[in-house]
Amino acid sequence: MDLVGVAEIVSAAAVLVGFGFAVSEVRRHRGRKTRESALALVSAYQTPEFANAIVRLIELPGGLTKEGLHKCCESDVKLVGLLMTTWESLGILTYRREISLDLLDDFFSGPIVLSWEKFETLVREMREESGRETYFEWFQWLAERMAERESDGNPVPAHVEHRGWRER
């Protein structure tokens with residue numbers, strides 16, 4: 001084999017090694033981004049106010065209207081606002097792929113779907129009063145994505161789905 005042939009083989013090998021390195025770096029970056037997103041979710045939403053809002057959500061009646069909201073939980077209106085704006089923000093971040101839908105599903109699918117079931121009437125009322133269909137549009141989008149994921153049947157709880165999990 002002549003020198004040109006050897007150089008071509010070395011060049012092709014270098015390109016393959018470089019491509020392999022690039023692929024591994026992209027995977028590593030994605031993994032890091034996922035971990036960072038998970039940590040951000042945990043730290044940002046583990047507050048007493050957020051925990052109180054989730055507890056209050058469970059107690060609220062479905063089909064809540066603006067009038068009903070002020071009657072049943074006048075002192076907790078801010079907690080409802082906290083939940084709705086939180087889901088709105090997470091909807092935007094999910095759509096823009098800053099947070100994966102899988103990760104968000106693992107953290108909050110139940111509370112998001114439950115929130116929409118309870119606040120849909122309220123949101124539609126707000127939109128009608130203001131003439132703005134954009135109120136809580138990303139909250140609705142996110143709740144619909146979560147509901148779609150559950151449309152095949154009831155979600156399987158982690159303690160059932162991952163019963164056989166073992167530490168490596």
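Below, all heavy atoms of this structure are taken into account, side chains as well, without hydrogens, waters or symmetry copies. Please read these numbers as outputs of a predicted model, since none were measured by experiment.
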- Task: Nearest 0.5 Å please: distance from the CG atom of Leu101 over to the OG atom of Ser109.
- Result: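 Leu101 atom CG to Ser109 atom OG measures 9.5 Å (nearest 0.5 Å).
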- Atom OG1 in Thr134, atom CD in Glu88: separation rounded to 0.5 Å? 8.5 Å
- Taking the six-membered ring for Trp, are Trp138 and Tyr95 parallel (under 30°), tilted (30 to 60°) or perpendicular (over 60°)? tilted
- Message: Check for me whether the distance between the ring centres of Trp87 and Phe136 falls short of 6.0 Å.
- Response: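 No: the rings miss the under 6.0 Å criterion.
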Within the structure provided, determine whether [X] and [Y] are in side-chain contact (heavy-atom separation under 4.5 Å).
X: Met84; Y: Leu122; result: yes
X: Asp76; Y: Leu69; result: no
X: Trp116; Y: Val123; result: yes
X: Lys66; Y: Thr121; result: no
X: Arg132; Y: Met126; result: no
X: Ile54; Y: Leu83; result: yes
X: Arg56; Y: Val80; result: no
X: Phe119; Y: Leu60; result: yes

Determine the minimum heavy-atom distance between [X] and [Y], stating which atoms define it.
X: Gly91; Y: Trp141; answer: O-CZ3, 3.5 Å
X: Leu64; Y: Cys72; answer: CD1-SG, 4.0 Å
X: Glu133; Y: Arg127; answer: O-NE, 3.3 Å
X: Leu57; Y: Ser115; answer: CD2-OG, 3.3 Å

- Query: What do the steps show when you test Leu142 against Leu104 for side chain to side chain contact (heavy atoms under 4.5 Å, CB included), and what is the final call?
  - Reply: CA-CA 10 Å; Leu142 184 60; Leu104 197 61; 3.5 Å; yes
- Item | Single-linkage hydrophobic cluster, 4.5 Å side-chain cutoff, Phe139 and Val77 together | yes
- Is Leu90 reachable from Leu114 through a run of I, L, V, M, F, W or Y residues, each pair having side-chain heavy atoms under 4.5 Å apart?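 Yes; tracing contacts between hydrophobic side chains, which count when under 4.5 Å, links both residues.
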- Taking only Lys NZ, Arg NE, NH1 and NH2, and the carboxylate oxygens of Asp or Glu, determine whether Arg124 and Glu128 approach each other closer than 4.0 Å. no
- Which residues share a side-chain contact (heavy atoms from CB on, under 4.5 Å) with Pro157, sequence neighbours left out: His159, Val160
Under 3.5 Å, side chain of [X] to main-chain N/O of [Y], donor-acceptor pair present?
X: Arg149; Y: Arg145; answer: no
X: Asn52; Y: Pro48; answer: yes
X: Thr85; Y: Leu82; answer: yes

- What do you reckon, is CD of Glu67 surrounded by more than 12 foreign heavy atoms closer than 6.0 Å?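 Counting other residues, nucleotides and ligands, CD of Glu67 stays at 12 neighbours or fewer.
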